Amino acid sequence: MYKLLSHNDLDGVGCGILAKLAFGKQMWVRYNSIGSLNREIEFFLENDHPETFLFITDLSPNQDNEKKLHEFYQKKGKVQLIDHHKTAIHFNEYEWGFVLVEDEEGKLTSATSLFYQYLVEHNFLEEKDAITEFVELVRQYDTWEWEKNENHQAHSLNSLFYLVSIEDFEEKMIDRLLTSEHFDFDEFEKKMLDMEEDKIERYIRRKKREIVQSNAGDYIAGIVYAESYHSELGNELGKEYPHVDYIAILNMGGKRISLRTIHDHIDVSEIAGYFGGGGHQKASGCSLTDEAYKQFVLDTFHLEPMQEDAKRNRYNLKHSSFGSLYKNRREDIFLLYQANEQHWLIEKNKTLMEQIFTSFEESEQFLKRNYEAWLVRDDQFVEYLMNEVKHDKY
């Protein structure tokens, strides 16, 4: 008999689907949150048949269970951990551990893609186009390559995963992968996904009006409360407010924090690790510990949401030769303009600031990180210019 303990997200359940395709009724699968994995490992070691082979995918145990699993492996040799998170690299020290963040071709891995490779190499499962395509969709979504590749089918697969129960999703996918030559959605699923896409867009628009900006240690974070669509929300908020280092999404009901960044120089797994969590460079999470609660909730609850830049301007535009006009809550007015080919300057309340910048993006980032300013509407810009003209006349 075989047993799989895996994560309860798309990548983790992808492993469960492959396990059932490979082993059928001989495989028993249990999906876990990060917090419940160790209880399941302890239950397995104390209660399951000693000849049962244990797979652990997309999650890693704590130190106590790490030692117990190694002892179990030394006695029985029936453990295999497969993961792709940087925080789990040390499990490669064990014969029963295999952790790979990036493959030889430079592609980021997922637990599903690594488990598929393992099953094929050990002749537990035969390669098939439909399965390979499904695995690649899971990998691209989990690593966020889908956005760079504009592979919206990967995003739709994750949306479908959350629209139905894990049991229904698992059953549908297993049947589809067994009977179809290629992977695709049926017509009913496509209609459901179209409706879900509209719902996600509305949800994100609302959350854009609720996010606050806060100094968080060495970083500047955008903080928002949300219980749904964390990946989509983190990505869109990161693009809307690129001056913040990362987005912290607080799920108060689940007492969890999801961390997302769009920046290559920020590693949110290190931030999550500080609070006892982990994950990927650009997508990680942790529990809402007392220290995290103070930093992300108590110290920020009084803050006003960030103001969005004006969207439908015709005159007050970024990179404009007339300059770009910004404002903050203190009613300070900032004019950002290009002085020459190399330099950008900022006037604060008509007084030139001492900082000199080499690009519009650098100057705007400084403005938003230090003053929380936003691009004002055309009518305010025109009024500003008219006042300047009047001032020059007199």
Side-chain angles (χ1 to χ4, degrees), residues 204 207-226 233-250 257-272 274 281-284 292 294-311 313 316-320 323-339 342-377 380-381:
I204 290 173
K207 292 303 171 181
K208 282 181 179 179
R209 299 192 293 269
E210 298 176 6
I211 185 171
V212 302
Q213 175 177 321
S214 176
N215 292 324
D218 297 330
Y219 302 100
I220 291 182
I223 301 168
V224 67
Y225 294 84
L233 185 61
N235 190 56
E236 288 301 317
L237 291 177
K239 290 190 293 185
E240 180 72 23
Y241 302 106
H243 67 283
V244 303
D245 296 312
Y246 65 89
I247 305 297
I249 306 170
L250 308 184
I257 306 176
S258 294
L259 304 174
R260 300 289 188 271
T261 186
I262 62 168
H263 302 296
D264 293 334
H265 67 284
I266 302 294
D267 188 346
V268 291
S269 70
E270 294 181 358
I271 299 165
Y274 178 79
Q281 177 194 340
K282 294 189 176 183
S284 294
K294 181 181 184 304
Q295 178 169 304
F296 293 106
V297 181
L298 285 182
D299 293 348
T300 67
F301 195 75
H302 64 285
L303 299 177
E304 291 293 323
M306 282 190 274
Q307 283 274 12
E308 294 182 72
D309 290 329
K311 300 292 185 187
N313 284 355
N316 190 30
L317 303 173
K318 299 184 180 186
H319 298 93
S320 171
S324 305
L325 193 66
Y326 292 76
K327 179 182 177 181
N328 68 5
R329 287 191 186 84
R330 296 181 179 179
E331 299 296 322
D332 294 319
I333 297 296
F334 303 88
L335 184 65
L336 191 163
Y337 61 94
Q338 188 171 13
Q342 288 82 31
H343 298 143
W344 292 77
L345 304 175
I346 300 175
E347 289 183 8
K348 177 185 176 185
N349 298 325
K350 302 181 181 180
T351 300
L352 184 64
M353 300 180 73
E354 63 181 19
Q355 291 83 1
I356 298 175
F357 307 95
T358 59
S359 68
F360 173 86
E361 288 75 19
E362 183 186 2
S363 53
E364 186 190 45
Q365 184 183 63
F366 170 84
L367 203 54
K368 288 180 173 290
R369 288 171 72 91
N370 292 279
Y371 295 96
E372 293 190 47
W374 62 88
L375 189 74
V376 303
R377 299 192 312 271
Q380 295 170 287
F381 182 58

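Keep in mind that what you see is a predicted model, and the values were worked out from it rather than measured.
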Flag, side chain of [X] to backbone of [Y], donor-acceptor distance under 3.5 Å:
X	Y	value
Glu372	Met306	no
Thr261	Asp245	yes
Lys368	Ala373	yes
Lys282	Val268	no
His263	Pro242	yes

Are [X] and [Y] close enough that some pair of their side-chain heavy atoms sits under 4.5 Å apart?
X	Y	answer
Tyr225	Phe301	yes
His319	Glu361	yes
Met353	Phe366	yes
Ile271	Ser284	no

Which heavy-atom pair separates [X] from [Y] by the least distance, and what is that distance?
X	Y	answer
Ser324	Ser320	OG-N, 4.0 Å
Asn313	Val376	ND2-O, 2.9 Å
Ala272	Leu259	N-CD1, 3.7 Å
Trp344	Ser363	CB-OG, 4.1 Å
Ile223	Ser214	CD1-CB, 3.9 Å
Asp309	Lys318	OD2-NZ, 2.9 Å

Report the distance from atom [atom1] of [X] to atom [atom2] of [Y], rounding to the nearest 0.5 Å.
X	Y	atom1	atom2	result
Thr300	Gln213	OG1	CD	12.0 Å
Ile356	Leu345	CD1	CG	6.0 Å
Leu367	Asp332	CG	CG	10.0 Å
Gln355	Ile346	CD	CD1	7.0 Å
Asn316	Leu325	CG	CG	5.5 Å
Arg260	Ile247	CZ	CD1	11.0 Å

Just to verify, which of Tyr371, Trp374, Phe381 counts as forming a ring-ring contact (aromatic ring centres under 6.0 Å, His included) with Phe334?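 The ring-ring contact (aromatic ring centres under 6.0 Å, His included) with Phe334 is passed solely by Tyr371 among Tyr371, Trp374, Phe381.
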Between Asn349 and Thr351, a side-chain donor and acceptor under 3.5 Å: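 Thr351 and Asn349 do not have a side-chain donor-acceptor pair below 3.5 Å.
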Between Glu347 and Lys350, is a salt bridge (charged side-chain N to carboxylate O under 4.0 Å, His left out) present by the stated rule, with each step listed? CA-CA 5 Å; Glu347 289 183 8; Lys350 302 181 181 180; over 6 Å; no
Please work out which of the three classes, parallel, tilted or perpendicular, describes the rings of His243 and Tyr241, given edges at 30° and 60°.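 Taking His243 first and then Tyr241, their aromatic rings stand perpendicular (interplane angle over 60°).
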Just say parallel, tilted or perpendicular for the rings of Tyr326 and Phe360, cut-offs at 30° and 60°.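 Ring orientation, 0 to 90° scale: tilted.
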When you look at CZ of Arg377, are more than 12 heavy atoms from neighbouring residues, nucleotides or ligands closer to it than 6.0 Å?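 No, CZ of Arg377 has 12 or fewer neighbouring heavy atoms, counting only those of other groups under 6.0 Å.
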Please determine if Glu240 and Lys311 form a salt bridge, counting it only when a charged side-chain N lies under 4.0 Å from a carboxylate O.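 Judged by the 4.0 Å cut-off on N to carboxylate O distance, Glu240 and Lys311 do form a salt bridge.
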